[in-house]
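Quick caveat, the model's predicted, so the values are computed rather than measured. In listed order, ligands and their atoms are each counted from 1.
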Amino acid sequence: SVGVRRRLKRFFRRDGRALIFAMDHGFEHGPTDFEPVWEHVNPRVIVRKVMRAGVDGVMMLPGIVRMAGDEVKPDRGLMIKLTSKTNLRPKDEQLLQSQLGFVEDAVKLGADAIAATVYWGSPAEDVMMRQFAEIASYAHDLGFPVVQFAYPRGPYINEKYGKKEDYRVVMYGARAAAETGADMIKTYWTGSRETFAKVVDAAAGVPVLLSGGAKTENPVDFLKLVWEVIEAGGSGAVVGRNIFQRENPEPFIKALIRVIHRNEEPEEAAKA
Ligand code: FBP
């Protein structure tokens, strides 16, 4: 619908690319994720910084929007994710993301897009597919785009493919996301430009964004990875730890923006 298309555009610049800041870690991983730079445990502090540095949008759970939503500038995209899990659960139950809010909540909180995770291949895939279908159906009815965090995961994936980042499963997850009606897909790095390009192809026109991952010691290493994503036809990145675990995130965000939006070589972007 027009509503879906208009709202989706709020995340992307004219080049069709976006840098989105992710902050659901206090819930999903626990507050220890903020220990490297403890002041970022307060979402208002880090959101203020990422706004100043120029990110195109943010991704948050509803509770964080209640805490820090006023810091999100009105011209940036606000993505609200309605599923999560804690790391407190027994390991095998961490293969399910539960629904923790409703589309109406996200709309009331000012969302421009609604997100949900599906762990493709997990024993709880059925539950997450249903959750996603229901969320997508409501959201699309109201004219809101849906974002799928399409993460292949679980013992079956490991057994058959060795790792969850094998491009064959990441590509499968991206395809499944597109076929279940996602308007934007967030997924893992597959290790090379060539394989990530296949993931992008499999999504058949639905924008694919990188899921940041653990902080790299050398910031340039992360810029190089994002550069490869862009070269592969990816539409940008959703980045959490690589931003909020850095002492001084603003110059790093600016470098990311130069790589994503200006095609600057990683080393050049890091120097500027
Ligand atoms: P990062 O850039 O920190 O990886 O954030 C992206 C993200 O998808 C978060 O939204 C989420 O909390 C986290 O990664 C999930 O990581 P995992 O499920 O691999 O522990």
Side-chain angles (χ1 to χ4, degrees), residues 11 18-37 40-41 43 46-47 50 53 55-65 68 77-89 91-98 100-101 113-122 124-125 128 132 147-154 157-158 163-166 169-170 173-174 177 182 184-191 208-217 219 221-223 225-226 229 234 236-246 249 252-253 256 259-260:
F11 293 89
L19 172 64
I20 296 170
F21 173 64
M23 199 185 189
D24 57 356
H25 305 66
F27 195 97
E28 203 146 316
H29 292 169
T32 47
D33 259 24
F34 299 111
E35 279 177 344
V37 186
H40 294 161
V41 75
I46 181 66
V47 172
V50 304
V55 299
D56 302 307
V58 295
M59 184 284 292
M60 299 167 167
L61 297 174
I64 294 278
V65 182
L78 173 60
M79 185 187 297
I80 302 187
K81 181 170 168 246
L82 295 180
T83 64
S84 196
K85 55 133 180 89
T86 70
N87 262 353
L88 299 170
R89 289 182 184 180
K91 263 270 171 287
D92 56 343
E93 286 170 39
Q94 290 185 27
L95 292 169
L96 166 66
Q97 289 233 342
S98 311
L100 47 62
I114 320 285
T117 297
V118 179
Y119 292 146
W120 292 104
S122 110
E125 182 194 87
M128 285 173 281
F132 186 82
V147 184
Q148 186 177 119
F149 295 15
Y151 293 172
R153 199 170 282 200
I157 301 277
N158 293 337
K163 58 173 198 277
K164 62 187 188 342
E165 296 85 3
D166 184 299
V169 279
V170 175
M184 199 195 296
I185 297 166
K186 170 174 180 276
T187 195
Y188 314 132
W189 173 236
T190 50
V208 177
L209 283 84
L210 172 77
S211 182
K215 188 188 90 172
T216 61
E217 251 349 286
D221 289 343
F222 189 70
L223 295 176
L225 201 161
V226 171
V229 166
V238 184
V239 183
R241 286 165 286 177
N242 268 286
I243 290 175
F244 68 70
Q245 291 182 347
R246 289 192 201 279
F252 183 68
I253 293 170
L256 273 171
V259 170
I260 293 174

Quick one: nearest non-hydrogen protein atom to [atom], plus distance?
atom                    : value
atom 19 (O) of ligand 1 : Arg153 NH2, 3.2 Å
atom 6 (C) of ligand 1  : Lys186 NZ, 3.5 Å
atom 20 (O) of ligand 1 : His29 NE2, 2.6 Å
atom 14 (O) of ligand 1 : Arg241 NH2, 4.0 Å
atom 5 (O) of ligand 1  : His25 NE2, 3.0 Å
atom 2 (O) of ligand 1  : Gly240 N, 2.7 Å

Under 4.0 Å to a heavy atom of [X] - the qualifying atoms of ligand 1, by number:
X      : result
Gly213 : 1 (P), 2 (O), 3 (O), 4 (O)
Glu28  : 11 (C), 12 (O), 15 (C)
Gly212 : 2 (O), 4 (O)
Met59  : 10 (O)
Ser211 : 6 (C), 8 (O)

Close approach, [X] and ligand 1, non-hydrogen under 4.0 angstrom:
X      : result
Tyr151 : yes
Met23  : no
Lys81  : no

- Interatomic spacing from CG in Leu223 to OG1 in Thr216 - rounded to 0.5 Å: 7.5 Å
- Query: Roughly how far, to the nearest 0.5 Å, is NZ of Lys215 from CZ of Phe244?
  - Reply: 10.5 Å
- Task: Would you kindly say whether Ser98 and Arg89 are connected by a side-chain donor-acceptor distance under 3.5 Å?
- Result: yes
- Message: Tell me whether the rings of His25 and His29 are parallel (<30°), tilted (30 to 60°) or perpendicular (>60°).
- Response: perpendicular
- Taking side-chain hydrogen bond (donor to acceptor under 3.5 Å, both in side chains) as the test, write out the residues that go with Lys85, two or more places apart. Asn87
- Residue pairs passing the salt bridge (Lys or Arg N to Asp or Glu O under 4.0 Å) test where at least one lies in residues 21-30, sequence neighbours excluded: Asp24-Lys81, Glu28-Lys81
- Item | Proximity to ligand 1 by part of Gln245, non-hydrogen separation under 4.0 Å | neither
- So between Asp24, Leu210, Val239, whose heavy atom ends up nearest atom 10 (O) of ligand 1? Asp24
Quick check: does any side chain N or O of [X] sit under 3.5 Å from a backbone N or O of [Y], one acting as donor and the other as acceptor?
X      : Y      : value
Tyr188 : Pro152 : yes
Thr187 : Ala150 : yes
Asp56  : Ile20  : no

- Task: Determine, step by step, whether Val118 and Tyr151 satisfy the side-chain contact (heavy atoms from CB on, under 4.5 Å) criterion, reporting the C-alpha distance in whole Å, the side-chain angles of both residues, the deciding distance to 0.1 Å, and the verdict.
- Result: CA-CA 6 Å; Val118 179; Tyr151 293 172; over 6 Å; no
